[in-house]
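See structure below.
Keep in mind that what you see is a predicted model, and the values were worked out from it rather than measured. Scope of the values below: all heavy atoms of this structure, side chains included, with no hydrogens, waters or symmetry mates.
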Amino acid sequence: MRQLLGTAFAATWIATISWADVPRVATDIAPIHGLVSQVMKDLGEPDLIIRPGASPHSYALRPSEARALSQADLVVWIGEGLAPWLEPSIEQLATNAHVLELLAQPSTTILPYREGATFEAHDHDEHDAHDDHGHDDDHKDHEGHDEHSEHAHDEHNHDEHAKHNEEHESHDAHPEHDEHAHDEHHQDEHAHDEHHQDEHADHDKKHDDHHGHDHSAGDPHVWLSPENAITWLSVIAEELSELDPENASKYQKNAQEGIAKIQQTKADLAPQLSNIADKSFVVFHDAYQYFEVSFGVTAAGAISLGDASDPSPARIAEVRDTVRDLNVACAFREPQYNSGLVDTVLEGTEARALILDPLGTNLELGSNFYPELLQEMGKTLIACLK
């Protein structure tokens, strides 16, 4: 008996030493946790910083999550473009950790932000209608200017833009507000001064980019591209191999297994989604562009910007018009955000609303998380649009 106990103790001690040699890894969101889990598999389990069901765009760390950062040997995160609040926490807490920012990797494909409430397929005719006003040139400088596309067929476009300015500044449209005088000044200036167009575009950008958030770095929802996820598995394996050379071959093998899983998942989903490629849908916030490109599906518009900031009344009205004009069959809520805005957009239409979750809130964490996230999103799209 004493010998058996000694053998068991020795095995436990050896396993503990082996586990201790594996780097401690902290990840930002569940899909990245899933990719790291695939690479680490039985060697260890990464920590998740942003709890399931929370928005990565804004978040307050809990003590356990701050502790995970402070103890990490490696931090794997999307980057400042997705979670600007997390960067100072990493700098202050993960002082001894290697930091792998996936947005900064040369292999990462990054798409530009889509600033408009409605996307290109809905905007072609309206862009053509603006040719006499030089709208195409303006659009290159400010994609978000598409929010005014509802005025495209109005001969008095300048007056309508001035009126829209008044609504932005007064918020509640109270004529007694001091801003009214400011709006009148802008209206006069707009009639004869081309410079006002630039001021107007800047004003709209600040309003709809949620107090001037910088979107110049591109759309940060990069994890919804399976091609990006495939390249990241190799990058994560290389990073862990550098920190833990003894297990390098295991990390590399696990990464290759993960790549095969994702490739098979995409191969299975692609023909199913091709059957709904001609169907348009509306999303709560513009988080799905990478999934759309990878699988050939089409979103007609987004109620909120890609940073999930509160949409303006004009933006909500434009998306509602798009739902009606294009006879959109489905709109998607997200568990992290206010679903009441989706109800507002669908009011008076026959469009359905389902939950499409880019973070996989209800999925079990682990090495199969990422392929299951793709499968779940594909099934939801098919269920709502077929």
Shortest non-hydrogen separation from [X] to [Y] and the atoms involved:
X: W85; Y: S89; result: O-OG, 3.8 Å
X: P226; Y: F295; result: CG-CE1, 4.1 Å
X: L356; Y: E334; result: O-CG, 3.4 Å
X: V319; Y: A302; result: CG2-O, 3.5 Å
X: L373; Y: G360; result: CD1-N, 3.6 Å
X: A331; Y: L346; result: CB-CD2, 3.7 Å

* Taking it one step at a time, do R320 and E347 satisfy salt bridge (Lys or Arg N to Asp or Glu O under 4.0 Å)? -> CA-CA 8 Å; R320 187 192 300 119; E347 187 176 356; 5.9 Å; no
Could you check if a side-chain atom of [X] sits within less than 4.5 angstrom of a side-chain atom of [Y], using non-hydrogen atoms only?
X: L111; Y: V293; value: yes
X: I262; Y: L233; value: yes
X: L359; Y: P52; value: no
X: L48; Y: E65; value: no
X: L35; Y: F369; value: no
X: I259; Y: Q256; value: yes
X: P358; Y: F291; value: no
X: V222; Y: W232; value: yes

* Backbone N or O of E101 within a donor-acceptor pair of the Q105 side chain at under 3.5 Å? -> yes
Does any donor atom in the side chain of [X] or [Y] lie under 3.5 Å from an acceptor atom in the other side chain?
X: D268; Y: Q264; result: yes
X: Y251; Y: E238; result: no
X: Q336; Y: D357; result: yes
X: H221; Y: Q289; result: no
X: E227; Y: S225; result: yes
X: N368; Y: K261; result: yes
X: T118; Y: E318; result: yes

* To the nearest 0.5 angstrom, please state how far the CD1 atom of I32 sits from the CD1 atom of I29. => 5.0 Å
* To do: Before giving the answer on salt bridge (Lys or Arg N to Asp or Glu O under 4.0 Å), spell out for D47 and R24 the whole-Å C-alpha distance, their side-chain angles and the decisive distance to 0.1 Å.
  => CA-CA 8 Å; D47 291 308; R24 296 199 62 162; 3.5 Å; yes
* Specify whether Y337 and F284 have parallel, tilted or perpendicular ring planes, treating 30° as the upper limit for parallel and 60° as the lower limit for perpendicular. => parallel
* To do: Test D343 against R333 for salt bridge (Lys or Arg N to Asp or Glu O under 4.0 Å), laying out the working first.
  => CA-CA 9 Å; D343 296 332; R333 315 177 193 274; 3.0 Å; yes
* To do: Answer yes if F281 and I355 sit in the same cluster of Ile, Leu, Val, Met, Phe, Trp and Tyr residues linked by side chain heavy atoms under 4.5 Å apart, and no otherwise.
  => no
